[in-house]
Every structure is written in structure tokens, then in C-alpha cells.
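Presented below is the structure to which this report refers.
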Amino acid sequence: MYGDLDKVLFEEEEIAARLDGLASEITADYQGLDLTVIAILNGSLIFMADLLRRIPLPLQLDCLRVRSYYSGMVSTGQVTFDPQTLPDLRDRHVLLLDDILDSGHTLAAIIDTMRTQVKPLSVHSCVLLRKMKQRARPVEADYVGFDIQDEFVVGYGLDYNEKYRNLSVIGVLRQE
Ligand code: IMP
Ligand code: MG
């Protein structure tokens, strides 16, 4: 798998150090609040597991399976998921976790549905990576691990055709 990378952007140690920082921000902000973290599957699984073990709060965890339709490496803008799979969150503060903020379609669609249908006390979001680019939907993440160039990356949960999720580093996939 490493041979398919053009370059490594973040080694394991760098990711771990950044997670320490993110976790202490989140821990400070959600002190005393009823927090439910919602991990967007599958990309945020590894990020979620490593991040949440650094947050010493009595939080709850849920997962949301979302399909965003891709043609190759580009989002088509179609995002579907079923909010009915979520528990009642009306008395909870929700923190959405995703692997990467790219076009913004995924996060924008989930935040919209949260606010209009699920109606938790608050909705914020945390992404491990944020691509620096013009987004199709105006959406900002409240917590960001790393800003990266607009390149297709894999590893640490991120896939290309469901491959490379179990790489422990984050890297740019070689063209072809
Ligand atoms: P968005 O809806 O375009 O913001 O993209 C969000 C989803 O697209 C992420 O949760 C990823 O699953 C996928 N994605 C976007 N960019 C990349 C990338 O560079 N590598 C792997 N997956 C990506
Ligand atoms: Mg994906």
C-alpha cells in the first residue's frame, strides 16, 4: 500500500500530537454538557477511536452511515442518509466527526437535516482534514485537524475505492 503513495503528508506521530490538541479543545468546550458524538461512517472510524479515547468526558457515541455519490475522485453532490437511525437527540449537544471536508456536500446535508429534523440542543463539527479550496456548499467545521492542499489523500480511515483505510499514515495517492 505504501508503494501506491506519491508522498506522505502526516506520519503517525504527527497525527497523534494533533489529536491531543483537538481533544483538549473539545474537552474544554463540552465540560458539563450532554455530548453525543456522531461519527460519519466509514471514513471517520479510525479518527473517532483515537480522538474519543483522549476526551475524558461522559459522552455518548453514535454512527451515521452516509452515501455520497462519487464519480472517480469528485463528489456528485448527492448525499443520502436516514436520520431515523439516530436516537432521540433533542436534549443533547451533537458533535459530528468526519474524516475530511472537501466539497462540503456531506457536512452541509447532515447539518441541515440535524437542525430541521433531529433538533439537538446544538450541532458542531470536527474534521481531521480540511481541503483548502472553494466549496460547493458554504460550510465550516468548528474543529479542524489539518489544512491540506486540494489533493486526493488516503490512509488513517480515508479510502480510494474502499482501499487504504488501514494505512497508519495519511498520504497523497500516486496518479493513475
Ligand atoms: P464532501 O462531501 O465533498 O465534503 O466530501 C466528504 C467525503 O468525501 C469524505 O467523508 C470522504 O469520504 C470523501 N473524500 C473527499 N475527499 C477525499 C480524499 O481526498 N480522499 C478520500 N476521500 C475523500
Ligand atoms: Mg470515502
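First listed ligand is number 1; within each ligand, the first listed atom is number 1. This is a predicted model, so every value here is computed, not measured.
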More than 12 heavy atoms of other residues, nucleotides or ligands under 6.0 Å from NZ of Lys133: is that the case?
yes
Using only atom types and a distance under 3.5 Å, with no angle test, would you say the side chain of Arg130 pairs donor to acceptor with the backbone of Ile148?
no
Run the side chain to side chain donor-acceptor pair (under 3.5 Å) test on Asp4 and Tyr160 for me, step by step, so that the C-alpha distance in whole Å, both residues' side-chain angles and the decisive distance to 0.1 Å come before the verdict.
CA-CA 11 Å; Asp4 297 347; Tyr160 176 62; over 6 Å; no
So, using ring pair (Phe, Tyr, Trp, His ring centres under 6.0 Å) as the criterion, who are the partners of Tyr30 when residues are at least two apart?
none
Check for me whether Glu151 has a heavy atom closer than 4.0 Å to any atom of ligand 1.
yes
Asp102: numbered ligand 1 atoms lying under 4.0 Å from its heavy atoms
1 (P), 3 (O), 4 (O), 5 (O), 15 (C), 16 (N)
Structural part of Asp98 in contact with ligand 1, heavy atom criterion under 4.0 angstrom:
side chain
Near Ser103, which atoms of ligand 1 are under 4.0 Å from a heavy atom of that residue?
1 (P), 2 (O), 3 (O), 4 (O)
Do the side chain of Arg92 and the main chain of Leu35 share a donor and acceptor less than 3.5 angstrom apart?
yes
Look only at the side chain of Asp82 and the backbone of Gln84, and say whether a donor-acceptor pair between them is shorter than 3.5 Å.
yes
Within reach of ligand 1, part of Val153 (heavy-atom separation under 4.0 Å):
both
Take every heavy atom of Lys131, measure it against each atom of ligand 1, and state whether any distance is under 4.0 Å.
yes
Contact region, Asp99 to ligand 1, non-hydrogen atoms below 4.0 Å, reads side chain
Which of the listed options, Ala136, Gly157, Ala108, Gly104, holds the heavy atom that is closest to atom 4 (O) of ligand 1?
Gly104
Please state which option from Asp159, Val127, Ile100, Val139 has its nearest heavy atom closest to atom 23 (C) of ligand 1.
Ile100
Sequence neighbours excluded, the answer for side chain to side chain contact (heavy atoms under 4.5 Å, CB included) partners of Thr116 is none
